[in-house]
Colleague: 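Questions regarding the structure given below will be posed in turn.
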Amino acid sequence: MKGCVVPGRKIEDAQKAEQREGTRHSAAHIMAEAVLSLFPEAKFGIGPATADGFYYDFDLPRALTPEDLATIETKMHESIASNHPFFREEVSKDAAREMFSAQPYKLELIDELPDDTVTVYRHGSFVDLCRGPHVTSTGEIKAFKLLSIAGAYWRGDEQRPMLQRIYGTAFDTAEELESHLEKLDEAAKRDHRKLGKSLDLFSIHDEAGAGLVYWHPKGALIRNIIEDFWKSEHFKRGYDIIHTPHIAKIGLWQSSGHLEFYKDSMYPPIDIEGQNYLIKPMNCPGHILIYKTQLRSYRQLPLRWAELGTVYRWERSGVLHGLTRVRGFTQDDAHIFCRPDQLEDEVVGVVEFACFMLRIFGFDEYDVMLSTRPEKYAGTIEVWDQATDTLKRALERLHIDYEIDPGEGVFYGPKIDISLRDSLGRTWQGPTTQVDFNLPERFDVNYIGDDGLEHRVVMIHRTVLGSMERFLGCLIEHYGGAFPPWLAPIQVEVIPIADQHLDYAHKVALELESEGIRVETDERSERMNLKIRDAQLRKVPYMLIVGNEEEASSTVSVRLRNGENLKSQSLSQFKSLVKVIVESKKNV
RNA sequence: GCCAGCGUAGCUCAGCGGUAGAGCAGCGGUUUCGUAAACCGCAGGCCGUCGGUUCGAAUCCGACCGCUGGCUCCA
């Protein structure tokens, strides 16, 4: 399973990382100093360094505006110019309580610290409760920028006050800061919501409802290509494909435990002739109903049933985001019904499958997370431990590095989540594999063993892409909208130089079309330059320029979307080039 | 859901108390061109929705809907 192993973060000089953290943490203190000078009555939350920068949370008498950020930055520059040294002091808790008597959040933190003495850091007239470390003086902060203001609950608890958080970033050199800001720009350009609009892939409508996606022909085409590929890979791996309805009587969801454990994510019932029906938030109960239509023999297992199942989940309005967080989405779902002795092999197969799928789409790096028993759970601790161990063994067999996320499993079982890293190094939540010892219990899902007795089946609930919506969103950003030819809605744009070349252009297009190539001819009476520009903006992989020369020699002049101009080639040459590239699913 | 910001033509945006503007796209012409934008003209908006303040509201206030950045929560 080489290649599926997570390479981990770039091996950065540990010292440098530490230095950067000190820089960022110090920048947070300098920012707090600036905020305090602007708002003497400010109450301070926490101000840590993060993976990309730093933030600090404040309780302020009024809401911050973007203009405030500029003022705060100016004040920070003043503090940096003064080059105040940072001093570390150890003080008793009582002394600290006195020192921060006007700072209720700090007092709360002091109470929770385990040791009798705490450390504070001081620079200029500003002092903060802090573990450190910091740079030696404020003048060492060479490159920082404040980025945004956001609300954040104190200690992440929505029952507690909401503070104002200022995000910023800092680096040890101006060049590093610059390249980080460029990366943010690049990410903004690749935003799937922007590209979805400009490439005419999908839309979401106020009048229809938030978090509900409408796929336009081009977006739906990409989705269909992926779904077709997905289906054929499932058939190859011994899966069957099934379909189940979108609503079911409330009783089914009571039996499954969803009503008990998943109620917050489900929509209210629909009354149909006095019976209450619920829209499905998951596909599992439907698959179980099909399983139970027969007595199953141990010889039949494992049964692997896959469904592109559209589910609806109630998500709070504030969390919706483009395609990656929606209220209706299609899971590339499957349930595997197996015997306990088959579980490990099945998990191995699933994780291998997921890694295979990701690699096809150009995701070579991913992080694997094993989530264990949450607070609200169904079943017994013994069964949970058993399932968790099986998942661990499967990952170890695959030589996959993973981290454990304690308490983050679903109510019905532990899970393996894979998050993918895109071309900008950002992570996205993708495939998931969940063991389920619970539903078989609740629905009494059995098979007849070789001893002639009934045995409880084990279920695996899994996706290999995650959901079509989220995966497409991630894919759009990963490729920046420039899809590899096998996925590109239009693979070839034929560009006649003048109207007189239209006949030849049509001939070329027809021939490519007959080979199953997705081709379009730009028939407009416009200049060639404009047609090239438009095809370029639509990120069409191949542009074929045809004019007098090409027509005379029965060739095409090939331009790639990276601006590269391949020399003229015969139509048949070009045809086989495209076919090979599409077949290989490679990018160009 | 919470905090903050934002909703103006199909798209990107300007206007921010005196009655609506640009570029691109669209439509009609002219142009027939060699690797990222030819030219001229026309048309296009209850300024998110509802209510309030005002002689007068895109502009000020409120509610709702939606979007954005976060928090919390997730495929």
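A note on names: the letters A, B, ... follow the listed sequences, proteins ahead of strands, and every chain is numbered from 1.
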Colleague: Taking protein heavy atoms under 4.0 Å as touching, what does nucleotides 61-75 of chain B look like 5' to 3' if B marks base contact, S marks sugar-phosphate-only contact and - marks none?
Modeller: -----SSSBBBBBBB
Colleague: Do A/V35 and A/I72 have side-chain heavy atoms sitting under 4.5 Å apart?
Modeller: yes
Colleague: Taking atom types as they are modelled, is there a donor-acceptor pair under 3.5 Å from the base of B/rU32 to the side chain of A/D499?
Modeller: yes
Colleague: Output the single nucleotide from B/rU35, B/rU12, B/rG1 whose closest atom is nearest the side chain of A/W314.
Modeller: B/rG1
Colleague: Applying side chain to side chain contact (heavy atoms under 4.5 Å, CB included), can you list everything that pairs with A/Q573, at least two apart in sequence or on another chain?
Modeller: A/Q569, A/S570
Colleague: With sequence neighbours excluded, tell me which residues meet side chain to side chain contact (heavy atoms under 4.5 Å, CB included) with A/C474.
Modeller: A/F363, A/L420, A/W428
Colleague: Please pick, from B/rG34, B/rU12, B/rU31, the nucleotide with the shortest atom-to-atom distance to any side-chain atom of A/K197.
Modeller: B/rU12
Colleague: Between B/rU68 and B/rU59, how far apart are the P atoms? Round to whole Å, please.
Modeller: 24 Å
Colleague: Side-chain N or O of A/K531 versus OP1/OP2 of B/rC33: is the shortest distance under 4.0 Å?
Modeller: no
Colleague: Any carboxylate oxygen within less than 4.0 angstrom of a Lys/Arg side-chain nitrogen, looking at A/E469 and A/R223?
Modeller: yes
Colleague: To the closest 0.5 Å, what do you measure between OH (A/Y412) and CG (A/L439)?
Modeller: 7.5 Å
Colleague: What integer number of Å spans the P atoms of B/rC73 and B/rU12?
Modeller: 33 Å
